[in-house]
Amino acid sequence: MTPSGKKALLLGSGELGKEVAIELQRYGVEVVACDKYANAPAMQVAHRSRVFNMLDGEKLLEAIKEENPDHIIPEVEAIATPVLMEVEKEGFNVTPTAKAAWLTMNREGIRRLAAEELGIPTSPYRFANTREEFEKAIEEIGLPCVVKPVMSSSGHGQSTVKTEADIEAAWKEAQEGGRAGAGRVIVEGFVKFDYEITLLTVRSVSGTTFCEPIGHIQVNGDYRESWQPQPMSTQAIEEAREIAKKITDALGGYGIFGVELFIKDDHVIFSEVSPRPHDTGMVTMISQDLSEFGLHARALLGLPVPSIRFYGPSCSRAVVVEGDTDEIEFDNLDKVLEEPGVQLRIFGKPEVKGHRRMGVILATADTLEEAREKALRAQNALKINVK
Ligand code: AMP
């Protein structure tokens with residue numbers, strides 16, 4: 001808040017952005033948190049906030065010019081990324097790079113880069129704009145297949161087509177659930193993976209560093225449970241690191257990346273990558289000396305990340321609330337937090353419409369099994385009263 005102080009413009013103020021804001025403030029950085037609604041989680045801890053639609057290029061440019069930040073940090077995918085490309089050319093610093101934000105905003109950009117330019121193994125895929133193209137794509141890929149809007153995340157608009165009877169519903173779902181409304185979809189061959197992981201990969205002045213692999217369970221494309229470390233064979237972890245290094249090197253810049261991978265018979269298939277902290281990586285708030293948010297802040301500020309200290313087996317469980325209300329009460333917390341090694345984060349989101357991730361339970365123990373059981377016990381004890 002002084003002329004010589006450093007300022008960060010945080011584009012996206014959800015639960016992940018909130019932790020990034022806190023970590024940046026630990027280095028004395030002034031944080032301006034942006035999102036499309038007021039009182040978003042990161043705004044509650046930032047120095048200042050701005051409410052506007054970040055997909056609106058003019059508004060985004062206005063915010064950047066007015067704030068003149070030292071760091072522009074995209075925290076969500078839904079951003080007018082061509083503006084980031086433009087301001088980066090003028091000398092603004094975008095985390096990790098404007099190209100990374102632009103390519104990963106759209107599933108097509110990152111998929112083509114990985115599969116067609118870098119030769120990384122992925123599921124077979126086709127893109128479709130119209131119903132006709134969609135049916136042709138399904139025919140070529142075969143059943144079962146997964147359908148997603150090219151602009152979507154957290155499972156919005158995503159479905160699996162198992163039989164021909166599902167085709168109609170999948171098209172409708174993808175047209176309604178996309179971030180930018182109706183539009184282009186990706187049809188992916190269904191990968192019958194043994195397990196899936198997020199490999200958190202940090203690019204910093206110290207080079208590339210990997211966190212222990214994170215295993216997770218998704219329900220309809222939305223994360224519900226994650227744990228660390230996911231046991232892997234030497235071959236699988238080596239392949240996973242090789243792929244993560246290749247894709248993050250191609251995106252460039254400094255920061256943390258969540259590289260999503262499927263593992264089948266010790267072979268690794270690339271799914272997608274976030275050039276920012278990953279929701280499944282919230283487990284690192286209890287499992288590591290520097291969480292994924294702390295690592296992101298350090299890397300993007302140009303500070304060294306010499307090594308990451310892993311504390312031991314840990315688990316996270318998303319607290320998803322259903323309803324249509326702004327009156328939500330978290331109850332029975334004395335029981336939730338009764339056991340040692342359990343923590344709870346409530347994000348402070350102002351309301352729920354449908355279903356929404358409102359908090360996370362974290363647990364750590366001597367073994368992975370115990371950590372997962374402990375987190376489940378804590379979650380079962382949590383009472384959520386929705387009015
Ligand atoms: P995504 O939004 O692409 O990360 O997809 C969310 C989740 O859906 C993944 O973490 C997987 O559990 C599942 N999924 C996505 N694509 C596929 C696929 N091609 N085959 C099997 N499962 C998939």
Side-chain angles (χ1 to χ4, degrees), residues 14 16 76-78 100 103-115 120-128 134 137-138 140-163 166-167 170 173-174 176-180 183-201 213-228 230 232 240 243-244 247 251 257-265 267-283 292 316-318 320 355 357:
L16 308 184
V76 292
E77 284 155 355
L103 280 174
T104 54
M105 180 190 185
N106 184 324
R107 293 180 188 275
E108 185 165 0
I110 193 66
R111 177 57 64 111
R112 290 200 190 274
L113 170 69
I120 293 171
T122 65
S123 58
Y125 59 91
R126 293 285 186 281
F127 296 97
F134 179 61
I138 293 183
E140 286 171 7
I141 295 295
L143 298 181
C145 62
V146 182
V147 178
K148 309 166 192 175
V150 290
M151 301 244 217
S152 72
S153 53
S154 303
H156 293 296
Q158 177 173 328
S159 62
T160 303
V161 178
K162 293 192 184 110
T163 68
D166 302 330
I167 294 177
E173 173 84 24
E176 283 165 10
R179 192 185 299 137
R184 200 163 165 84
V185 303
I186 182 170
V187 177
E188 288 183 35
F190 188 89
V191 179
K192 292 187 190 70
F193 51 77
D194 299 323
Y195 59 93
E196 61 179 319
I197 65 160
T198 303
L199 187 58
L200 292 175
T201 305
I214 296 170
H216 51 90
I217 290 175
Q218 309 262 335
V219 177
N220 300 328
D222 195 21
Y223 128 87
R224 294 300 154 95
E225 184 192 3
S226 73
W227 56 84
Q228 197 189 23
Q230 163 68 43
M232 293 177 75
I243 290 174
I247 192 83
L251 296 175
F257 299 75
V259 184
E260 296 179 35
L261 304 164
F262 301 144
I263 290 89
K264 172 83 186 146
D265 298 333
H267 285 294
V268 182
I269 297 156
F270 172 79
S271 175
E272 56 173 7
V273 56
S274 67
R276 61 184 73 95
H278 196 268
D279 51 8
T280 60
M282 283 193 283
V283 66
E292 61 170 344
S316 86
R317 292 188 72 95
V320 179
H355 66 101
R357 188 161 61 220

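Just so you know, ligand 1 is whichever comes first in the structure, and atom 1 is the first atom listed for that ligand. Sequence positions, counted from 1, serve as the residue numbers for this chain.
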Can you find a pair of side-chain heavy atoms, one from Val268 and one from Ile197, that are under 4.5 Å apart? no
Is any side-chain heavy atom of Val146 closer than 4.5 Å to one of Tyr125? no
Quick one: look up the protein heavy atom nearest [atom] and list residue, atom name and how far away it is.
atom	answer
atom 18 (C) of ligand 1	Val146 CG2, 3.6 Å
atom 1 (P) of ligand 1	Glu272 OE2, 3.3 Å
atom 2 (O) of ligand 1	Arg107 NH2, 3.2 Å
atom 23 (C) of ligand 1	Phe262 CZ, 3.7 Å
atom 8 (O) of ligand 1	Gln158 NE2, 2.9 Å

Test side-chain contact (heavy atoms from CB on, under 4.5 Å) on Lys162 and Phe190; report intermediate values, then the result. CA-CA 9 Å; Lys162 293 192 184 110; Phe190 188 89; over 6 Å; no
Full working for side-chain contact (heavy atoms from CB on, under 4.5 Å) between Thr122 and Phe270: CA-CA 5 Å; Thr122 65; Phe270 172 79; 4.0 Å; yes
Flag, side chain of [X] to backbone of [Y], donor-acceptor distance under 3.5 Å:
X	Y	value
Asn106	Glu108	yes
Glu292	His278	yes
Arg107	Pro149	yes

Any nitrogen or oxygen of [X], side chain or backbone, less than 3.5 Å from one on ligand 1?
X	value
Gly189	yes
Ser271	no
Lys148	yes
Val191	yes

Option nearest atom 12 (O) of ligand 1 (shortest heavy-atom distance, choices His216, His278, Glu196): Glu196
Among Gly157, Pro124, Gly221, Gly258, which one has a heavy atom closest to atom 7 (C) of ligand 1? Gly221
So is Ser152 close enough to ligand 1, meaning a heavy atom under 4.0 angstrom away? no
Decide whether the shortest distance between a heavy atom of Tyr223 and an atom of ligand 1 is less than 4.0 Å. no
Under the criterion side-chain contact (heavy atoms from CB on, under 4.5 Å), I'd like the reasoning laid out for Phe134 against Val147: C-alpha separation, chi angles, the key distance, then a yes or no. CA-CA 9 Å; Phe134 179 61; Val147 178; 3.6 Å; yes
Please list, in number order, the atoms of ligand 1 under 4.0 Å from a heavy atom of [X].
X	answer
Phe193	12 (O), 21 (C), 22 (N)
Gln218	10 (O), 12 (O)
Glu188	16 (N), 18 (C), 19 (N)

Any donor-acceptor N or O pair under 3.5 Å, side chains Glu173, Ser159: no
Which of these, Ile269, Ile243, Leu113, sits in a side chain to side chain contact (heavy atoms under 4.5 Å, CB included) with Ile120? Ile243
